[in-house]
Amino acid sequence: MNVYDSGKMLDVLGDSHGMEVTHDIDEADVLLMNTCSIREKAQEKVFSELGRWRKLKEKRPDLVIGVGGCVASQEGDNIQKRAPYVDMVFGPQTLHRLPELYDQSNEQREIAPKNRIGTIDVSFPSIEKFDFLPEPRVEGYKAFVSIMEGCSKYCSFCVVPYTRGEELSRPLDDVLAEIDSLAAQGIREINLLGQNVNGYRGEKDDGSICRFAELLHYVSHVDGVERIRYTTSHPLEFTDDIIDAYAQLPELVSHLHLPVQSGSNAILAAMKRNHTIDVYINQINKLKAIRPDIHLSSDFIIGFPGETDQDFQDTLNLAKELNFDHSYSFIYSKRPGTPAAELPDDVSFTTKKARLAEFQKVIIDSTLAKTHEMVGTTTRVLVEQVANRHPDCLIGTADNTRTVMFPHDVEKMDELLGKLVSVRITDFVSPHMVKGELEDVLA
Ligand code: SF4
């Protein structure tokens, strides 16, 4: 989501002020930091990085510094109290107002260069952001499309509902118009984005509501779209019509990221996830019956307050039973203002670290085994580029997100770029990369 938002920041400032990205900080006129507050460590990094930027600003007082994203949303004017040299503070829902904030901060600089106060806008102005974003401009063959924003699930550990606001879906026509425009620019793979992407409830022209499964059908019909991914979803909204879509839509990749967070029902209840492990396993089994080759990934929080040895064992057992392809797993991080921050926590940090290491070992072993299992099979690959270090090879991404490299006639490389092909996998290269031979061009 933050990668998508950063792209949009560039789009609005490029469109309004002709700004371009530079990777040389000494060349920059504006420094923007897009922040994440999902864990305490990410939040603290914001202030240490801002400390470095302060030194740059002392040397170059004209430098404009902006902080956006969820830390900005949560901390608001506290950012300027702790870092008064910050010129602009904006939230995820107000990034479209960046050009205005930039102009205001320049005006203030001219009026009162010494007593300048920064501009702050961390409001939640409904979903208007999308009405103000310029036409997407893309390179390559894959693009994100945000279809809904915010979250109304209020899991007890999570800050997102407070930093990004309640769930709001973009109207169906807006989403399809953006995807049409991307497909016309050569995009072949669409990654639908939302905090609870499968909770999408977009308004249709006639005022009725389009649910996520129906949206998948619409997207699959857009000319040029050959592959569809989505992230990130909630088990509560993983309804049977979405599972059925895997039988009906070959465009849907055989990879699902469905966060579960814990394998213990007691911990799931304390997290306020509102489902049990049986419900989750049932959903996965139904999906596996339709797509036996489905690859699964998930999110896990290890060491949630009150997690017993048995709770942790249940999480390990779940990982072993479902054979996750990979996972994002972290030690629980207390977020101020969330209900879980008030829960008693008697598990030592040493125990939590040991549990995380044990858990990650299970996942890493599973990733490795699954990559090895690919050898001898055929996989669908979106061809994206000529391999940098092997100019006689092309590189693309498989449904299960592995990078796939295969040799091809150097004279004919261009013909395959952006195409969906099938590749026979011949060799394991690394846990996330395999080698193979071209079998067929699919689309
Ligand atoms: S569903 Fe996801 S984004 Fe929403 S509160 Fe729970 S963890 Fe946070």
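Just follow the structure's listing: the first ligand is 1, and inside any ligand the first atom is 1.
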* Could you list the atoms of ligand 1 found under 4.0 angstrom from a heavy atom of Asn196? =>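 Checking each atom against Asn196, I get 1 (S), 4 (Fe).
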
* To do: Please could you name the atoms of ligand 1 that His234 approaches to less than 4.0 Å, counting only its heavy atoms?
  =>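 Result: 1 (S).
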
* Asked: Just by distance, do the side chain of Asn265 and the backbone of Ile277 share a donor-acceptor pair under 3.5 Å?
  ->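 Yes; judged by distance alone, with no hydrogens or angles, the pair exists.
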
* **Donor-acceptor side-chain pairing of Glu167 and Gln195 below 3.5 angstrom** =>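 Not at all, the side chains of Glu167 and Gln195 share no donor-acceptor pair under 3.5 Å.
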
* Just checking, is any N or O donor in the side chain of Asn196 or Glu237 under 3.5 Å from an acceptor N or O on the other one? ->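 No.
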
* Asked: Among pairs that include at least one residue of residues 333-342, which meet side-chain hydrogen bond (donor to acceptor under 3.5 Å, both in side chains), considering only residues two or more places apart or in two chains?
  ->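 The answer is Gln43-Arg335.
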
* **Heavy atom of Arg273, distance to ligand 1 below 4.0 Å** =>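 Under 4.0 Å: yes for Arg273.
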
* To do: Carefully, step by step, assess Val64 and Leu31 under the rule side chain to side chain contact (heavy atoms under 4.5 Å, CB included).
  => CA-CA 6 Å; Val64 174; Leu31 296 179; over 6 Å; no

* So, for Ser264 and Ser262, which heavy atoms are closest and what is the spacing to 0.1 Å? ->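 Scanning both residues completely, I find the closest heavy atoms to be N-OG, 3.0 Å.
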
* Asked: How many N, O or S atoms of the protein are nearer than 2.8 Å to atom 8 (Fe) of ligand 1?
  ->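 Excluding waters, the total comes to 1.
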
* Check whether NZ of the Lys or CZ of the Arg Arg97 lies under 6.0 Å from the centre of the six-membered ring of Phe90 and within 45 degrees of that ring's axis. =>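 Arg97 over Phe90 ring: no.
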
